[in-house]
Amino acid sequence: RLHILREDGPKGWEPGKQTLCGQGAWGVQHSDAIILDPAPSRPPEGLSWCPKCVGHLAERLGLLGEVAASLAAYDPARAS
């Protein structure tokens with residue numbers, strides 16, 4: 001998953017060490033966190049956006065209603 005990092009965090013957290021969905025962003029035994037800045041318009045091959053992070057970012061940016069309206073208007077029959 002491609003997560004979106006928080007610049008702020010709970011008291012005692014270092015900025016950039018937690019994602020919007022709450023996932024820790026520090027290195028672990030088998031992988032290290034890699035920062036892509038600026039964020040790409042699409043995730044790199046093999047990755048997908050974290051749905052929770054995208055939803056939280058849409059809310060922070062005041063776009064949650066627009067995203068919800070777009071989803072409500074989505075017609076899978078016309079998508080192909």
Side-chain angles (χ1 to χ4, degrees):
R1 294 286 174 141
L2 185 59
H3 294 275
I4 300 170
L5 291 177
R6 292 176 64 150
E7 290 297 321
D8 62 339
K11 190 175 184 177
W13 282 76
E14 193 177 323
K17 295 293 184 185
Q18 185 183 36
T19 65
L20 289 178
C21 70
Q23 175 76 35
W26 51 85
V28 295
Q29 184 175 2
H30 298 290
S31 65
D32 291 322
I34 297 172
I35 296 175
L36 303 176
D37 188 18
S41 59
R42 291 189 171 156
E45 189 164 332
L47 294 177
S48 61
W49 289 108
C50 170
K52 286 179 113 179
C53 282
V54 171
H56 285 299
L57 183 60
E59 183 177 35
R60 283 183 175 211
L61 297 176
L63 298 171
L64 190 59
E66 187 177 321
V67 170
S70 176
L71 292 172
Y74 176 72
D75 182 357
R78 293 187 350 207
S80 46

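When a residue number appears, it is its place in the shown sequence, counting from 1.
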Can you tell me which residue pairs pass the salt bridge (Lys or Arg N to Asp or Glu O under 4.0 Å) test with a partner in [range], sequence neighbours excluded?
range: residues 57-74; answer: D8-R60
range: residues 42-53; answer: none
range: residues 18-27; answer: none

Could you tell me whether the side chain of [Y] reaches within less than 4.5 Å of the side chain of [X], counting heavy atoms only?
X: P51; Y: R1; result: yes
X: C21; Y: H3; result: yes
X: P40; Y: L2; result: yes

Residues clustered with I35, ILVMFWY side-chain links under 4.5 angstrom:
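Same cluster as I35: L5.
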
L36 and W49: same hydrophobic cluster, using ILVMFWY side-chain contacts below 4.5 Å?
yes

Could you pull out all residues at least two apart from L57 that satisfy side-chain contact (heavy atoms from CB on, under 4.5 Å)?
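Scan of L57 (side-chain contact (heavy atoms from CB on, under 4.5 Å), adjacent residues dropped) gives I4, L20, L61.
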
